[in-house]
Undergrad: 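Have a look at the structure that comes next, please.
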Amino acid sequence: MASFDLDESVGYRSSWGVWPTSRIAAARAIVPFGCLYTPCKRTPNMPLLNCEPCACTKCGAILNPYSRVNFQEKLWVCPFCLECSYLPPRLVNAADDNIPQELQACWSTVEYLLPTQSTPPAFFYVVDICMPAEELQALKESILLSITQLPSDSYVGLITFGTVVQVYDLTSTDITKSHVFSGTKDLTVEQVAEMLRLDPRGGSPLLCQVQQCDVALQTILDELVPDPWPLQEGCRALRSTGAALSTAVSILECLMPNLGARIMLFINGPCTQGPGMVLGSNLQETMRAHVNIETNTQLKHFSRAQKYYQALARRAAGKGHCIDAFMCARDQIGFLEMRDLVECTGGLTVLTDSFTQEVFKLSFSKMFDSTQRELDMAFNGILTVQTGKEFKVAGALGHCVSLERKSPSVCDYEVGIGGTCAWKMCGLNSTTTVALFYEITNQHGVEVPQGSFPVVQLRTEYTHPSGRRILRVTTHAYQWADPAKDLVDTGASFDQETAACLVARLAVHKTATEELVDTLRWIDRTLIRLVTKFATYTKGDASTFALSRNFSLFPQFMFYLRRSRFLRLFNHTPDETAYFRTVLNRETVLNMLTMIQPSLLTYQFGQPPTPSLLDYSSINPEHILLLDNYFRLVVMHGTTVAFWRSQGYQNEPSHAHFKALLEAPNKDIQDIVQERFPVPSVLICDQNSSQARFVVSQLNPSLAQQSRVDTSGGPPGKTTSRTM
């Protein structure tokens with residue numbers, strides 16, 4: 001089955017489908033051997049078996065379509081360790097004409113419903129109240145709406161923070177009760193448990209089921225007001241973000257250890273006091289910028305805050321809890337320091353200007369959307385990778401944390417989060433995607449057994465929103481290349497889209513430890529070496545250069561990656577750059593490609609929407625353009641279309657076709673907004689207006705540089721379109 005088909009069915013796409021038989025030959029392929037795997041991708045009609053999986057007695061691999069089975073003797077041979085095991089009693093009737101689902105070739109992915117006790121998940125709201133009243137009111141409305149979307153048996157809790165931290169008792173209906181903590185102290189788990197008298201066996205009034213506390217919770221939210229503590233002149237509001245998060249993590253550690261839970265942080269500004277402080281309260285102190293990070297100057301709180309939030313993330317991930325960050329502010333809030341909270345725990349994140357904007361409202365509501373009769377989320381996941389002896393797993397890149405589990409499948413060479421065969425993924429949904437990197441360890445000159453093939457098995461155990469424990473098993477087999485023509489066979493199986501996404505994640509990972517210019521040079525060297533190996537050309541004659549179809553778009557992807565917001569810091573704050581990179585590290589192949597290379601659609605009379613080149617020549621006065629860069633959708637009306645619209649032609653029955661043209665992009669926008677998280681912002685503008693820069697800045701200015709073409713629709717010399 002082709003990798004593209006696998007992506008549609010089970011969410012597994014590989015950079016190479018055919019592998020060379022030795023480490024030396026693999027090094028000549030330049031692009032890493034790896035895959036992008038979506039553990040919780042929704043697959044129609046996928047088998048869900050209500051039984052224990054049949055595991056190998058030696059290595060623990062699960063029975064799969066690549067196992068050799070003797071139905072007469074009721075034995076099966078593991079494709080990883082070649083150990084012979086007996087089939088379980090439930091497969092006693094299995095035969096060549098009655099093949100179980102886990103052995104059918106059409107189901108390389110199956111799920112098992114494990115016989116464990118079901119425990120509903122918990123949702124802990126941690127709310128910043130240092131914000132204007134209208135902002136807080138919009139946030140309260142969104143929270144109340146989300147509570148109505150939660151399963152009635154799920155647990156909820158509420159913490160608010162400003163100058164102090166308040167933990168609310170949700171069982172009191174007559175009067176609002178809360179426990180108040182200082183925002184400047186960092187309390188240990190034991191201290192919090194003692195002060196709040198937390199008992200995991202007897203429950204707690206701080207964490208109650210929705211059906212039992214919905215009235216009390218609504219009353220508390222209705223009475224919630226902005227932080228009443230007086231604000232000193234020339235100072236920022238005192239915001240105790242770190243102390244509030246630490247309290248929430250401690251409560252869940254005591255009440256929900258190793259159970260599904262998520263902390264949802266709503267923040268309107270930087271932490272200005274106590275543990276995790278990223279900025280002082282004095283207005284004369286400014287937030288760090290990229291230049292401060294590059295030169296290591298004016299970083300008074302940076303290292304201390306970053307280490308504090310990293311420790312919090314490790315604590316939450318160790319207990320299987322994820323942390324979401326909803327950041328709505330017009331200035332930086334310190335997400336660069338808090339980034340590990342989201343990436344290590346598998347949380348979701350949204351960055352926008354205000355809680356009143358549709359970007360936040362729709363994104364937060366979509367998080368609890370149950371149109372598929374269940375929430376699109378999973379909890380406390382563990383991903384385990386098992387490989388054959390000819391190759392090993394080098395590491396992973398994504399929203400996960402290492403479990404430091406050693407096995408024969410672990411490679412000595414590490415890429416990303418390596419040195420382990422298992423990773424914790426505390427929060428997952430249908431688009432959460434992890435990048436896995438493999439290393440071929442077979443030595444040169446050692447022949448692989450005839451008829452063998454490299455097999456990898458990925459096992460993801462997670463908690464369903466209903467509280468049930470589910471194990472998803474994906475087993476994938478590659479092919480060995482002919483040693484006599486390994487590059488030819490390997491090149492024919494190249495998936496340039498997956499390869500571009502793997503390179504993008506590696507590049508983002510390198511920015512954390514290397515200078516940005518070194519990362520850009522690494523991308524250039526990778527592209528040059530790849531085309532040198534797989535392109536056909538006559539030396540000294542550039543006109544003879546050619547790439548095969550499955551390599552033709554890769555240089556284009558690298559061009560746009562180099563100038564993308566992930567590697568270009570200009571016009572973006574450190575928080576925005578960290579946010580973009582965080583979203584990139586969790587999305588699917590198609591979503592990542594949209595971030596790397598924006599899509600451009602052209603709408604014109606009498607024709608369906610057509611994809612257009614990201615070039616200045618795509619601008620036409622009588623066309624409408626829709627630019628999609630994943631985070632923003634921009635509709636730009638050509639000058640002639642804008643003039644007709646201003647004259648009101650769309651309101652006349654005789655110009656119904658013009659009205660249809662204006663409405664054509666709306667349907668595509670609705671489809672994109674409905675399926676994407678976070679929901680992109682939508683901008684409608686006219687050609688040559690100030691906001692048209694969001695489109696023009698993404699276009700190749702070749703036409704404007706070569707000739708002075710008037711695209712304004714007016715007389716020559718009247719155009720205001722200029723490029724530098």
Side-chain angles (χ1 to χ4, degrees), residues 124-147 158-168 176 178 180-184 217-245 247-248 263-274 276-287 324-338 348-365 367 573 575-576 579 678-679 681-683:
F124 220 130
Y125 296 86
V126 181
V127 181
D128 174 14
I129 58 174
C130 295
M131 63 178 74
E134 59 273 14
E135 290 280 329
L136 185 59
Q137 181 61 33
L139 175 57
K140 291 193 296 183
E141 293 173 357
S142 296
I143 293 177
L144 288 171
L145 177 61
S146 70
I147 293 172
L158 176 64
I159 290 179
T160 63
F161 64 94
T163 306
V164 297
V165 178
Q166 291 183 269
V167 185
Y168 287 87
T176 301
S178 65
V180 182
F181 293 87
S182 170
T184 60
L217 190 56
Q218 183 173 354
T219 302
I220 294 172
L221 289 172
D222 289 340
E223 296 176 353
L224 207 59
V225 296
D227 192 8
W229 287 76
L231 182 63
Q232 297 182 6
E233 185 177 356
C235 293
R236 298 180 177 87
L238 296 178
R239 185 177 284 105
S240 312
T241 309
L245 276 174
T247 304
I263 298 171
M264 294 173 287
L265 173 65
F266 305 89
I267 187 169
N268 189 246
C271 179
T272 54
Q273 75 165 4
M277 181 172 64
V278 298
L279 186 65
S281 60
N282 195 317
L283 287 174
Q284 293 182 348
E285 184 177 339
T286 58
M287 200 70 167
D324 307 314
F326 298 93
M327 305 162 290
C328 299
R330 289 179 172 83
D331 200 357
Q332 298 187 77
I333 57 90
F335 181 67
L336 178 61
E337 291 84 348
M338 302 165 63
L348 300 174
T349 180
V350 175
L351 177 64
T352 187
D353 293 338
S354 170
F355 288 108
T356 62
Q357 292 184 351
E358 293 297 312
V359 173
F360 165 73
K361 290 183 177 181
L362 294 179
S363 298
F364 186 53
S365 177
M367 180 177 168
T573 65
D575 276 8
E576 288 175 322
Y579 170 70
V679 171
S681 59
V682 180
L683 176 64

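In this text, all values refer to a predicted model and were calculated from it rather than measured experimentally. For the numbers below, each heavy atom of this structure counts, side chains included, while hydrogens, waters and symmetry mates do not.
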Undergrad: How long is the straight-line distance from OG1 of T176 back to CD1 of I220, given to the nearest 0.5 Å?
TA: 5.5 Å
Undergrad: Any salt bridge (charged side-chain N to carboxylate O under 4.0 Å, His left out) pairs touching residues 130-145, not counting sequence neighbours?
TA: none
Undergrad: Do T247 and F161 come close enough that some side-chain heavy atom pair is under 4.5 Å?
TA: no
Undergrad: With distance as the sole test, does S365 use its side chain to make a donor-acceptor pair with the main-chain N or O of K361 at under 3.5 Å?
TA: no
Undergrad: Could you tell me which residues satisfy side-chain contact (heavy atoms from CB on, under 4.5 Å) with V180, sequence neighbours excluded, listed by chain and number?
TA: V164, Q166, S178
Undergrad: Looking at every heavy atom in both A243 and G183, which two are closest together, and how far apart are they?
TA: CB-O, 3.7 Å
Undergrad: Which pair of heavy atoms, one from D575 and one from L351, lies closest together, and at what distance?
TA: O-CD2, 4.4 Å
Undergrad: Rounded to the nearest 0.5 Å, what separates atom OG1 in T163 from atom CG in D227?
TA: 4.0 Å
Undergrad: Can you list everything that forms a ring-ring contact (aromatic ring centres under 6.0 Å, His included) with F181? Sequence neighbours excluded, please.
TA: none
Undergrad: What I'd like to find out is whether the side chain of I147 reaches to under 4.5 Å of the side chain of Y125, using heavy atoms alone.
TA: yes
Undergrad: Evaluate side-chain contact (heavy atoms from CB on, under 4.5 Å) for F326 paired with L139, printing each intermediate quantity in order.
TA: CA-CA 10 Å; F326 298 93; L139 175 57; over 6 Å; no
Undergrad: Return the minimal non-hydrogen interatomic distance between V350 and P678, and the atom names on each side.
TA: CG2-CB, 4.0 Å
Undergrad: When rounded to the nearest 0.5 angstrom, what distance separates CD in Q273 from CG in L238?
TA: 4.5 Å
Undergrad: Run the numbers on T352 and S681 for side-chain contact (heavy atoms from CB on, under 4.5 Å), then give the verdict.
TA: CA-CA 9 Å; T352 187; S681 59; over 6 Å; no
Undergrad: Would you check if V278 and Q332 make a side-chain contact, meaning some heavy-atom pair closer than 4.5 Å?
TA: no
Undergrad: Just to verify, what does D353 make a side-chain contact (heavy atoms from CB on, under 4.5 Å) with, not counting sequence neighbours?
TA: R330, Q357
Undergrad: Is there a side-chain contact between F360 and S142 in this structure, where contact means two heavy atoms from C-beta onward sitting under 4.5 Å apart?
TA: yes
Undergrad: Measure the spacing between CD1 of I129 and CH2 of W229 and express it to the nearest 0.5 Å.
TA: 11.0 Å
Undergrad: How many angstroms lie between CZ in F355 and CG in L136, if you round to the nearest 0.5 Å?
TA: 9.0 Å
Undergrad: Between L144 and D222, is any pair of side-chain heavy atoms under 4.5 Å apart?
TA: yes
Undergrad: Under 4.5 Å between any side-chain heavy atoms of M367 and M264, yes or no?
TA: yes
Undergrad: For residues D128 and T241, determine if any side-chain heavy atom of one lies less than 4.5 Å from a side-chain heavy atom of the other.
TA: no
Undergrad: Give the C-alpha distance, both sets of side-chain angles, the deciding distance and a yes or no for side-chain contact (heavy atoms from CB on, under 4.5 Å) between T573 and L336.
TA: CA-CA 10 Å; T573 65; L336 178 61; over 6 Å; no
Undergrad: Please enumerate all residues that pass side-chain contact (heavy atoms from CB on, under 4.5 Å) together with L362, with sequence neighbours excluded.
TA: E358, V673, V679
Undergrad: Let me have the donor-acceptor pairs involving side chains of residues 265-272, under 3.5 Å, with sequence neighbours excluded, atom names and distances please.
TA:
{"residue": "N268", "atom": "ND2", "partner": "C328", "partner atom": "O", "Å": "2.5"}
{"residue": "T272", "atom": "OG1", "partner": "A237", "partner atom": "O", "Å": "2.7"}
{"residue": "T272", "atom": "OG1", "partner": "R239", "partner atom": "N", "Å": "2.8"}

Undergrad: Answer whether the closest heavy-atom distance between the side chains of Y168 and L224 falls below 4.5 Å.
TA: yes
Undergrad: Can you tell me how far the CG atom of N282 sits from the CZ atom of R236, to the nearest 0.5 Å?
TA: 7.5 Å
